[in-house]
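What you are looking at is a predicted structure, and each value in this text was computed from that prediction instead of being measured. Residue numbers count from 1 along this sequence.
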Amino acid sequence: MTTTAPDPEDLTARARIRDAALRHFGEHGFERATIRGIAETAGVSLGLVRHHFGSKQALREACDEHLMKVMHRLHEEAASRPLSGLNPVAAMGPYRDYLARALTEGWAAPFFDEMVRIGVRWFEEAEKGLPEPPDVPARARATVIAAMSLSFTVLTRHVERGLGVSLETTEGQHELLRTLLYVYSHPLLTPEEAATARAALERGTTTGRA
């Protein structure tokens, strides 16, 4: 769980509206969520919501921007606590429903793209000075890792059932990170098996072009 101090902005009425929107968009989806319902949950007037955000679309964009700020704070924390960085999305419990809805309804592009950019920067820094750079581009690898990490958001209930523990608990976070650590540090293929599979893939690509 993150111990990052809250953003000062989170103490404002604007933040209460944003948090209510995160909840409504997550529970009902963007189309079914209403400004009136969000205002009631936030305990503010309909006019105040429109004053701060103008439209439901702008409110959703503010939600996306907030989640990207949270994600960046988690990655900064991961610099000093490597285990917490294995799957920062798993630490975003309060926003899980919003993210799951955004991913399945197709409006999580800014968040996903930012995860990819962070991954690319990480790869580029980690791979400086390598005698032979990887033959798979950093962006491709970062894209696949982002998709794998975000899958925990959509498949939370299935993951919890498989692990036998709620990801909302410290125990669940520990079990997930322990499992990820093992998976990341133990390749499923030996170098020889990977080379054989790669050769077969290249042959198939060449044949397909013929």
Side-chain angles (χ1 to χ4, degrees), residues 1-79 81 84-85 87-119 146-147 149-161 165-173 176:
M1 297 292 184
T2 179
T3 57
T4 306
D7 190 313
E9 179 191 351
D10 292 343
L11 304 178
T12 66
R14 188 177 191 279
R16 292 202 312 274
I17 297 169
R18 181 205 63 218
D19 289 346
L22 283 164
R23 175 180 167 184
H24 278 254
F25 291 149
E27 290 180 358
H28 308 296
F30 179 71
E31 295 299 331
R32 292 178 56 200
T34 66
I35 293 292
R36 184 176 301 279
I38 292 169
E40 290 176 356
T41 297
V44 300
S45 68
L46 193 62
L48 189 60
V49 176
R50 297 195 181 282
H51 168 75
H52 280 297
F53 297 99
S55 68
K56 191 166 69 168
Q57 175 64 29
L59 181 50
R60 193 187 75 188
E61 291 171 0
C63 290
D64 288 342
E65 290 174 6
H66 176 67
L67 290 195
M68 284 191 280
K69 288 172 63 177
V70 171
M71 179 173 61
H72 278 289
R73 291 205 299 268
L74 288 170
H75 276 280
E76 290 171 3
E77 183 178 290
R81 296 174 55 206
S84 68
N87 184 23
V89 174
M92 300 181 72
Y95 314 108
R96 189 173 294 135
D97 289 343
Y98 178 88
L99 278 172
R101 181 76 71 165
L103 290 165
T104 55
E105 292 188 357
W107 37 274
F111 187 86
F112 185 92
D113 292 348
E114 188 63 18
M115 284 192 69
V116 172
R117 280 191 287 270
I118 290 173
S149 296
L150 286 168
S151 70
F152 287 98
T153 302
V154 177
L155 302 175
T156 294
R157 301 311 167 209
H158 299 291
V159 174
E160 290 178 332
R161 188 173 64 255
V165 64
S166 170
L167 296 184
E168 299 288 347
T169 65
T170 300
E171 179 187 2
Q173 289 289 302
L176 175 60

**Prompt:** Closest heavy-atom contact between R96 and T153?
**Reply:** O-CG2, 3.3 Å

**Asked** Is there side-chain contact between R73 and V70, with heavy atoms separated by less than 4.5 Å?
**Response** yes

**Prompt:** Out of curiosity, H158 NE2 to T156 OG1, how far, rounded to the nearest 0.5 Å?
**Reply:** 9.5 Å

**R101 with E27: basic N within carboxylate O range, under 4.0 Å** = no

For residues 39-49, tabulate all N or O donor-acceptor pairs below 3.5 Å that involve a side-chain atom, not counting sequence neighbours.
residue, atom, partner, partner atom, Å
T41, OG1, H24, NE2, 2.6
T41, OG1, G37, O, 3.2
S45, OG, L48, N, 3.1

**Message:** I need the minimum non-hydrogen distance between L22 and H66, along with the two atoms involved.
**Reply:** CD1-CD2, 4.2 Å

**Request:** Give, for atom CD of E160 and atom CG of L155, the distance between the pair rounded to the nearest 0.5 Å.
**Result:** 11.0 Å

**Asked** Between D64 and Y98, do the side chains contain an N or O donor and an N or O acceptor separated by less than 3.5 Å?
**Response** yes

**Prompt:** Should Q173 and T169 count as side-chain neighbours, where that means a heavy-atom distance under 4.5 Å?
**Reply:** no

**Message:** Within the structure provided, determine whether I118 and H72 are in side-chain contact (heavy-atom separation under 4.5 Å).
**Reply:** yes

**Asked** Of the non-hydrogen atoms in R60 and F30, which two are nearest, and what is the gap between them?
**Response** CD-CD1, 3.5 Å

**Message:** Nearest 0.5 Å, please: how far is OG in S166 from CG in L176?
**Reply:** 11.5 Å

**Item:** Validation row: F111, L103 side chains within 4.5 angstrom (heavy atoms)
**Value:** no

**Request:** Starting at NZ of K69, measure out to CD of E65 and round the result to the nearest 0.5 Å.
**Result:** 8.5 Å

**Message:** So which atom in R18 and which in L59 form the shortest heavy-atom distance, rounded to 0.1 Å?
**Reply:** CA-CD1, 4.3 Å

**Asked** For E105, does the CD atom have more than 12 heavy-atom neighbours from other residues, nucleotides or ligands under 6.0 Å away?
**Response** yes

**Request:** Can you tell me which residue pairs pass the side chain to side chain donor-acceptor pair (under 3.5 Å) test with a partner in residues 28-38, sequence neighbours excluded?
**Result:** none

**Request:** Please collect all ring-ring contact (aromatic ring centres under 6.0 Å, His included) contacts where either partner lies in residues 32-54, sequence neighbours excluded, each pair once.
**Result:** none

